[in-house]
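Residue numbering restarts at 1 for every chain, and letters A, B, ... go by the order of the sequence lines. Computed from heavy atoms alone, side chains included, the values below leave out hydrogens, waters and symmetry copies.
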Amino acid sequence: GAVVSQHPSWVICKSGTSVKIECRSLDFQATTMFWYRQFPKQSLMLMATSNEGSKATYEQGVEKDKFLINHASLTLSTLTVTSAHPEDSSFYICSAGGSSYSNQPQHFGDGTRLSIL
Amino acid sequence: QQPVQSPQAVILREGEDAVINCSSSKALYSVHWYRQKHGEAPVFLMILLKGGEQKGHDKISASFNEKKQQSSLYLTASQLSYSGTYFCGTVHSGTASKLTFGTGTRLQVTL
């Protein structure tokens, strides 16, 4: 069964709306979670690393004020796309798992398809 | 920098074999392989942790050449269910747990 749950799976909303996406680890505690974005026919691009109890680490070129990440507990990380615009439409996926230096796999949520009109 | 995969796309008949390569410009700690079906999240296939390590299950196996900073995924006697996009994910020395996904290889298996 799924070990990482992501919600919602699909969002359609108007330009200017803020959208919150949740990522939960179901069977384990995750001090670190990762948020990816994937445009059609492209690879997954890491947006940020979510750290429980501290600030997220953003990849170069990702606006931290636009993509707010909160990791308030060991099982929940949220990504909020603030004032979303059509160019933010994409497939957003979270992952969790993997210890330091990753000899364990990361488990992915089912993804959230975001469409901004 | 993103690992480069080759080929970009391949079409196979059921039963044929394929090799997908993943090449990194940076030193690697480990390589992960995932398969993604259209509209779905990636599904984990395997991890290769040590240089030269080969792993496999069923008819899918992989190798890791640490010195060359490369990994290859081997699909033998392909099945229709193997269709999808394959991504390698690399973990680089000094970047604990952070996966960098490769450019992807689209595989289609036909009858």
Listed by number, the residues in residues 16-25 of chain B that come under 4.5 Å of chain A (heavy atom to heavy atom) are none
Does A:Ser43 reach the main-chain N or O of B:Gly102 with its side chain, forming a donor-acceptor pair under 3.5 Å?
yes
When the 4.5 angstrom heavy-atom criterion is applied to A:Leu44 and chain B, the contacting part is both
Applying salt bridge (charged side-chain N to carboxylate O under 4.0 Å, His left out) to B:Glu14 and not counting sequence neighbours gives none
Margin query: With a 4.5 Å cut-off on side-chain heavy-atom distances among I, L, V, M, F, W and Y, is there a chain of contacts connecting B:Tyr74 to B:Trp33?
Written below: no
Bottom line for A:Gln42: the part with an atom under 4.5 Å from chain B's heavy atoms is backbone
Quiz item: Is any side-chain N of the basic residue among A:Arg37 and A:Glu59 closer than 4.0 Å to the acidic one's carboxylate O?
Solution: no
Under the 3.5 angstrom rule, does the side chain of B:Gln5 hit a backbone N or O of B:Gly104 as a donor-acceptor pair?
-> yes
Check: Is the backbone of B:Thr100 close enough, under 3.5 Å, to the side chain of B:Thr90 for a donor and an acceptor to pair up by distance?
Finding: yes
Donor-acceptor contact below 3.5 Å, side chain B:Thr103 vs main chain B:Gln2 = no
Among residues 37-46 of chain B, residues within the sub-4.5 Å heavy-atom range of chain A, in order of number, are B:Gly39, B:Glu40, B:Ala41, B:Pro42, B:Phe44
Check: Considering only heavy atoms from C-beta outward, does the side chain of B:Leu111 approach that of B:Leu80 to under 4.5 Å?
Finding: yes
For A:Trp35, the hydrophobic cluster (side chain heavy atoms closer than 4.5 Å, chained through members) also holds A:Val11, A:Val19, A:Ile21, A:Met47, A:Tyr58, A:Val62, A:Phe67, A:Ile69, A:Leu79, A:Val81, A:Tyr92, A:Leu114, A:Ile116
Is A:Glu22 paired with A:Lys20 through a side-chain N to carboxylate O contact shorter than 4.0 Å? no
